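Nothing here was measured: the structure is a model prediction, and the numbers come from that model.
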Amino acid sequence: MKKTAFIFSLFIFLLQMSPAYPLELNVKGSRMSIKAENEPLSSILHAFAEQGIKISADPNLTPDISASFKDKKIENALKIIFRNLNYILIWKNISTPLGDFAKLEEIRLYTPGRKHYIKTIAPETGRLAKNPDDGSIYIKNQILIRLTKAVNLKDFRKFLLDNGLGVLGYSRMTGIIKILLPEGSDYFAILDLIKNYPGLEKAEPNYAYPVNRPYYAPGSPVKTADAKTGVLSSNPVPVAVIDSGLSADYLSEPYVYASYNSIDPESAISDSLGHGTQMVMVAGGAVTPMGVSTGTVTPVIAIKGFGDDGYISNYDLMDGIEFALDNGARVMSLSWGSETESAFLEQAFDYAASKGMIILAAAGNEPTGSSMYPASYDSVIGVGALDPEGKTWDKSNYGDSVNVYAPGFASLPVGYKGDAGTYAGTSISTAYAANLVAGYLSKNPDASIKEILTSLAESSGSSE
């Protein structure tokens, strides 16, 4: 009898200590479902962040949340979930060929008088996923598609809604729609389902690419950026640098022509990695690589496309390309790459090139001879690296990804995730080559690709 009473008491204790069911939260367009019992607010907010919604909240708000319902309008649902809390919803209207889609862009929870305490809450699991078959990296729960004129738009919109698929964005430049899958979906099964839809032109993952990590030489002297006293040429050609952004300390420099945050267009540009700031300095002529004296002060459009995780997605990159074109960039510097090919990305570069954009990309810092992208696309000039003596750097990639070599060592006043000093890599050679191209085009605005490559080869002393 005592044993039975003990087991019953233990059962009641465990029942009280554990939630009756695990947290379930899913957002589908303007509607949502939730199943939560005594869940901490922080868990609820992280779950929203996993759905691609920006979350900003006062960390001192710590109530437990209980709610259970299906397919309720988000506005009505949040009145229940966040009862007795102060919050603001920020919506974005996405206009597509399928019609308009309302997307909940951000949720802000605050305490009156303490809005300055609000902090951004990031997804707990990160935004990246890896294809086990080919090793490619992509943004989880996101697929990019492009429709043909043969698709019945009304039927396809219904297809999306019936399968719980939302719309996150639409690129006017490429005609690409960014699709959101429900959390926990069978990603590749849904990708195949979409690919087989009649009349669809193409569907592929929203691929992501890592920043080219430069090599650091500890103990090297640090050179101060010297473009503060420089003067732009009489016919300056803007260079777009799509990278990890630009530190706020350098936004007022004379070579910074414009800036943009393609990850979060409503937020100011920043740079937690330092790589983008380094490349802006080199492309703008504030820092000249070791072993050369040529270079001009060039206006730079700094575009933040990489997140704090060091990856840039196809969609954010295409958004950055569109901004660069709209703001007069003639040259584009891309100091990164991977072995993953993307038909959508290649088409985006082809489009930019058709508008007169000269695109340069890093060939990579491993001498494998493997094709790297975007450097290997036909519309892109792949750049390898030279050492300070003008010889091919022993860690520079070679082969089809390299069209030209350029100096790849520089003493920089900003570090990459660390100290200032001397860095080496095809990242630097790409940014410097972009500076040279801009300088050449300022004097020869109608130059052909062949003439540009010849000029680069003469400037660097080495080419493929």
Side-chain angles (χ1 to χ4, degrees), residues 23-27 32 34 36 38-67 74-75 77-92 103-128 139-142 168-169 180 183 208 211 243-251 259-277 302-313 315-316 319 414-418:
L23 171 64
E24 296 177 12
L25 190 153
N26 210 305
V27 176
M32 67 165 290
I34 188 172
N38 295 324
E39 287 285 348
L41 176 63
S42 59
S43 297
I44 301 292
L45 297 181
H46 279 294
F48 274 115
E50 296 286 352
Q51 309 284 318
I53 299 170
K54 183 178 179 180
I55 303 296
S56 305
D58 184 339
N60 291 299
L61 296 173
T62 58
D64 291 337
I65 304 295
S66 293
I74 289 180
E75 300 97 316
L78 295 184
K79 287 180 182 178
I80 299 171
I81 297 171
F82 298 147
R83 54 187 175 272
N84 302 321
L85 295 174
N86 297 283
Y87 64 92
I88 298 172
L89 304 182
I90 299 175
W91 290 85
K92 179 180 180 181
K103 176 185 179 297
L104 180 56
E105 190 83 354
E106 182 178 357
I107 300 174
R108 296 179 186 172
L109 291 98
Y110 64 94
T111 304
R114 290 173 52 91
K115 287 187 178 181
H116 56 288
Y117 285 97
I118 288 178
K119 294 184 178 180
T120 299
I121 295 176
E124 289 184 324
T125 59
R127 63 177 184 147
L128 303 174
I139 306 298
K140 67 177 187 177
N141 295 335
Q142 292 185 13
L168 287 178
L180 175 67
E183 187 68 24
V211 70
D243 211 287
S244 63
L246 179 65
S247 169
D249 295 339
Y250 294 90
L251 277 171
S259 64
Y260 178 64
N261 186 339
S262 67
I263 299 175
D264 185 2
E266 301 302 319
S267 298
I269 195 171
S270 60
D271 185 11
S272 62
L273 303 179
H275 191 272
T277 303
I303 299 173
K304 179 179 176 63
F306 284 84
D308 293 342
D309 54 14
Y311 280 79
I312 186 171
S313 75
Y315 191 84
D316 290 337
D319 186 45
V414 174
Y416 169 71
K417 288 187 177 181

Inset, instruction - For Phe82, check ring pair (Phe, Tyr, Trp, His ring centres under 6.0 Å) against everything at least two apart and list the hits. - result: Tyr87
Inset, instruction - Could you pull out all residues at least two apart from Phe306 that satisfy ring pair (Phe, Tyr, Trp, His ring centres under 6.0 Å)? - result: Trp336
For a 4.5 angstrom cut-off between non-hydrogen side-chain atoms, does [X] reach [Y]?
{"X": "Met32", "Y": "Ile81", "answer": "yes"}
{"X": "Trp91", "Y": "Leu104", "answer": "yes"}
{"X": "Ile53", "Y": "Ile107", "answer": "yes"}
{"X": "Phe48", "Y": "Leu78", "answer": "yes"}
{"X": "Val414", "Y": "Tyr250", "answer": "yes"}

Check: [Y] main-chain N/O paired with [X] side-chain donor or acceptor under 3.5 Å:
{"X": "Arg114", "Y": "Thr111", "value": "no"}
{"X": "Glu75", "Y": "Leu89", "value": "no"}
{"X": "Ser66", "Y": "Asn38", "value": "yes"}
{"X": "Gln51", "Y": "Val27", "value": "yes"}

Inset, instruction - Take Ile139 and Tyr311, measure what side chain to side chain contact (heavy atoms under 4.5 Å, CB included) needs, and give me the verdict at the end. - result: CA-CA 10 Å; Ile139 306 298; Tyr311 280 79; 6.0 Å; no
For the student: nearest non-hydrogen atoms of [X] and [Y], plus distance:
{"X": "Pro59", "Y": "Lys119", "value": "CG-CD, 4.4 Å"}
{"X": "Ile55", "Y": "Ala49", "value": "CG1-N, 3.9 Å"}
{"X": "Ile121", "Y": "Ala57", "value": "CD1-CB, 4.0 Å"}
{"X": "Ala208", "Y": "Leu128", "value": "CB-CD2, 4.0 Å"}
{"X": "Ile44", "Y": "Ile34", "value": "CD1-CD1, 4.0 Å"}
{"X": "Leu251", "Y": "Ser259", "value": "CD2-OG, 3.9 Å"}

Legend entry - Side-chain ion pair, Lys304 and Asp243, N-O less than 4.0 Å: no
Inset, instruction - State plainly whether the residues Lys140 and Glu50 are in salt-bridge range, i.e. N to O under 4.0 Å. - result: yes
Determine whether the side chains of [X] and [Y] contain a donor N or O and an acceptor N or O closer than 3.5 Å.
{"X": "Ser247", "Y": "Asp271", "value": "no"}
{"X": "Asn261", "Y": "Ser267", "value": "no"}
{"X": "Tyr260", "Y": "Asp319", "value": "yes"}

Inset, instruction - Going by the side-chain contact (heavy atoms from CB on, under 4.5 Å) test, name the single residue among Ile269, Asp316, Ile312 that passes it with Ser262. - result: Asp316
So how far is it from [X] [atom1] to [Y] [atom2], rounded to the nearest 0.5 Å?
{"X": "Leu109", "Y": "Ile88", "atom1": "CG", "atom2": "CD1", "answer": "9.5 Å"}
{"X": "Lys79", "Y": "Ile74", "atom1": "NZ", "atom2": "CD1", "answer": "13.5 Å"}
{"X": "Asp64", "Y": "Ser43", "atom1": "CG", "atom2": "OG", "answer": "9.0 Å"}
{"X": "Leu85", "Y": "Ile65", "atom1": "CG", "atom2": "CD1", "answer": "6.0 Å"}
{"X": "Leu61", "Y": "Asn84", "atom1": "CG", "atom2": "CG", "answer": "11.5 Å"}
{"X": "Glu106", "Y": "Lys54", "atom1": "CD", "atom2": "NZ", "answer": "4.5 Å"}

